[in-house]
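Here is the naming used below: chain letters follow the sequence lines, and residue numbers restart at 1 for every chain. As the structure is a computational prediction, the values presented were derived from the model and not from experiment.
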Number of protein chains: 2
Amino acid sequence: MTTSPEPDRKTAILDAAETAFADAGFEGASLRRIVREAGVNLATVYYYFESKEGLMLAVMDRRFRPLREEQLSGLDALEQAAAGQPLAVEAILETLLMPTLRLVGTGSVRQEAVKRLIGRVVTEPNPQIQQLLVRPHSVMRTAYLQALQLSLPDLPMPDLVWRMEFIWGALGFILCNPAKIEMVTAGVCNPADTETVFQQMIRFFGAGLKAAPVSRQRLAARRTATARKTGRA
Amino acid sequence: MTTSPEPDRKTAILDAAETAFADAGFEGASLRRIVREAGVNLATVYYYFESKEGLMLAVMDRRFRPLREEQLSGLDALEQAAAGQPLAVEAILETLLMPTLRLVGTGSVRQEAVKRLIGRVVTEPNPQIQQLLVRPHSVMRTAYLQALQLSLPDLPMPDLVWRMEFIWGALGFILCNPAKIEMVTAGVCNPADTETVFQQMIRFFGAGLKAAPVSRQRLAARRTATARKTGRA
DNA sequence: GTCTATAAGGAGATAGAC
DNA sequence: GTCTATCTCCTTATAGAC
């Protein structure tokens, strides 16, 4: 299973753990299987990473930190070039999606593992692992919400925030299990085809973001109608 | 923790397991904690459900079967009333989303657990559990793809299929961890507010589905440009 | 830094009494 | 149907030799 001789044991563990966590999640992955795959002793994990949670943290940090930096610097470059003019929604989305879908600088086997890892982490049930991502994620959220708000001045904040959640969810789901998607769509969708995934997302998310906001009156009217029907207050 | 006296042990186990699987996933949930919560003996699980996997199957079947039936009968009623006329995209989406977000007939504690369970199951890593959902899911997929294709005759099948995957993903993510969403959005999004979630989804998904298809020429052009830049064939 | 050996405990599952 | 007791296996984690 090892694709190439690892330069050092630490990297070997990180690579094996990356695949294991991406495939089975934090609880589902076992350190014993990871060290067997990496060709190192179990105690080595504790020497380098202190605990299973420490290993997960290192695995995520190695990939997500540069990814976030690429996204934020891409967004920043866009804003610099525009000099105060509102940006195209699609251009903003490109700086968010393209680094994620492409994951430059990593080999093809690792690249696919990292994409699955992102999806897995987004949907991770373990509260400790979730907690590790709250802070970095909130930096991203704020930057993209600000940029999008300038481009969509007529969209109320709650609508924009909901739409961003839908985008995180759809992105995470697609990355999570490419094999499943290819199977259930009978090969119509090929998640490995980065350019197609990107174009499809841009169209769908772009149109969704630019849709008219949800009317507050309509919402209130429907809510009371529903309440009357189901008999709740 | 037990909210009400359970009529029978089987139901008590199902209820406790539902919450456990929804919160921790299949691997993360422990039978010993489930039986402690349900107030029954460990062996009872094996008497009624044969195995942990059998329990998971029963937990899913109890909720998802009636849910699917409600969705499909809602879509069917819509098609009958339209008598061959293409349906409004939003109306189709409503029959898909509303039963999921509402989950009629269940109490509030259970209702929230079931919603989390759906999200959890959609992103479940364990291949055995995934396998259990392939067949019922494919029935749903086909029905909704057919209905949407009639309403969106100019949208090529691949585009429609991709967009449906985005919708499953976004829906699953929102259901998966409502507490996390409420926290990261600082209370701007309240996933318990069914009517708002529904309206926001209808707007976003409806606009996304009705967007122009991805141009095949543009895709081909970008693909060669990207390949040239990154140096791949 | 790397190893062996082992602690300490939780997991799913089952046999057999009642 | 329900229980106790237990089997077997695997888990994370650590102590201490080299």
Heavy atoms of other groups near Glu53(B) CD, more than 12 under 6.0 Å: yes
Taking DNA chain D as the partner, which of residues 45-61 of chain B come within under 4.0 angstrom of it by heavy atom? Tyr47(B), Tyr48(B)
Look at the aromatic rings of Phe205(A) and Phe166(B) and report parallel, tilted or perpendicular, splitting at 30° and 60°. tilted
Do the side chain of Arg120(A) and the main chain of Thr123(B) share a donor and acceptor less than 3.5 angstrom apart? yes
Partners passing salt bridge (Lys or Arg N to Asp or Glu O under 4.0 Å) against Asp193(A) (at least two apart in sequence or in another chain): Arg223(B)
Holding to ring pair (Phe, Tyr, Trp, His ring centres under 6.0 Å), I want the full list of residues that pass it with Phe173(A), two or more places apart in sequence or in another chain. none
How many whole angstroms separate atom CG of Asn41(B) from atom P of dT4(D)? 6 Å
What pairs meet the side chain to side chain donor-acceptor pair (under 3.5 Å) rule with one or both residues in residues 171-184 of chain B, with sequence neighbours excluded? Gln130(A)-Asn177(B)
Measure from the side-chain N and O atoms of Lys115(B) to the backbone N and O of Ile174(B), and report whether any donor-acceptor pair falls under 3.5 Å. no
Report the residues that fulfil side chain to side chain donor-acceptor pair (under 3.5 Å) with Asp61(B), sequence neighbours left out, ordered by chain and then residue number. Arg65(B)
Chain B footprint on DNA chain C, 5' to 3' - any atom under 4.0 Å from a heavy atom: dA11(C) to dT14(C)
